[in-house]
Amino acid sequence: MKKRQKKKQAYKNYIQAIFEGYEKMLENPDIKELVFTYLKEETRLTRDSQQQIHFLTRDLID
């Protein structure tokens, strides 16, 4: 596989993992936080005090 195709596939897997994590959190209210990383990007799924799920994506600084 070419380098660009590998990066594209890795990003697709990252996005898919985020949505699968979101579904897990919907099914299981005991999960408070999930963290996903891709290269220099991090996405956190967290619950607030009212049990609502929030997405936070940020760039990681070296």
Please round to the nearest 0.5 Å and tell me the distance separating atom [atom1] of [X] and atom [atom2] of [Y].
X   : Y   : atom1 : atom2 : answer
Y22 : L45 : OH    : CG    : 9.0 Å
E23 : N28 : CD    : CG    : 13.5 Å
K2  : Q5  : NZ    : CD    : 6.0 Å

Q.
Among residues at least two apart in sequence or on other chains, which ones pass salt bridge (Lys or Arg N to Asp or Glu O under 4.0 Å) with E33?
A.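 So E33 forms a salt bridge (Lys or Arg N to Asp or Glu O under 4.0 Å) with R44.
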
Q. Under the salt bridge (Lys or Arg N to Asp or Glu O under 4.0 Å) test, which residues partner R58, sequence neighbours left out?
A.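 Residues passing salt bridge (Lys or Arg N to Asp or Glu O under 4.0 Å) with R58: E42.
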
Q: Would you please indicate if the ring centroids of Y11 and Y38 are separated by under 6.0 Å?
A: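 Yes: the rings meet the under 6.0 Å criterion.
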
Q) With ILVMFWY side chains joined below 4.5 Å, transitively, what does V35's cluster contain besides itself? A)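 Joined to V35, directly or through intermediates: none.
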
Q: State plainly whether one hydrophobic cluster holds both L34 and L60, where clusters connect Ile, Leu, Val, Met, Phe, Trp and Tyr through side-chain heavy atoms under 4.5 angstrom apart.
A: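 Not linked; separate clusters.
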
Q) Do I31 and L26 belong to the same hydrophobic cluster, where Ile, Leu, Val, Met, Phe, Trp and Tyr are linked whenever their side-chain heavy atoms lie under 4.5 Å apart, directly or via other members? A)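 The answer is yes; both residues are in one hydrophobic cluster.
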
Q.
If the condition is side chain to side chain contact (heavy atoms under 4.5 Å, CB included), which residues does L39 pass it with, not counting sequence neighbours?
A.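 Partners of L39 by the side chain to side chain contact (heavy atoms under 4.5 Å, CB included) criterion, ordered by chain and then number, come out as K7.
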
**Q.** Non-neighbouring partners of F19 that pass ring-ring contact (aromatic ring centres under 6.0 Å, His included), sequence neighbours left out
**A.**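 If we apply the ring-ring contact (aromatic ring centres under 6.0 Å, His included) test to F19, skipping adjacent residues, there are no hits.
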
Q: Would you list the pairs meeting side-chain hydrogen bond (donor to acceptor under 3.5 Å, both in side chains) in which at least one residue belongs to residues 48-57, sequence neighbours left out?
A: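 Found T43-T57, D48-H54.
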
Q.
Within the 4.5 Å heavy-atom criterion, are E41 and F36 side-chain neighbours or not?
A.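 No, their side chains stay 4.5 Å or more apart.
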
**Q.** Enclosure of K12 NZ (heavy-atom neighbours >12, cutoff 6.0 Å)
**A.**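 Result for NZ/K12: open.
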
(Q) Run the side-chain contact (heavy atoms from CB on, under 4.5 Å) test on F55 and I18 for me, step by step, so that the C-alpha distance in whole Å, both residues' side-chain angles and the decisive distance to 0.1 Å come before the verdict. (A) CA-CA 9 Å; F55 287 79; I18 291 170; 3.6 Å; yes

Q. Can you name the closest pair of heavy atoms from E27 and P29 and give their distance?
A.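 Residues E27 and P29, closest heavy atoms: O-CD, 3.6 Å.
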
Q | Side-chain H-bond candidate by donor/acceptor type, E20 with Q16, under 3.5 Å | A |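 Yes - a donor-acceptor pair under 3.5 Å links their side chains.
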
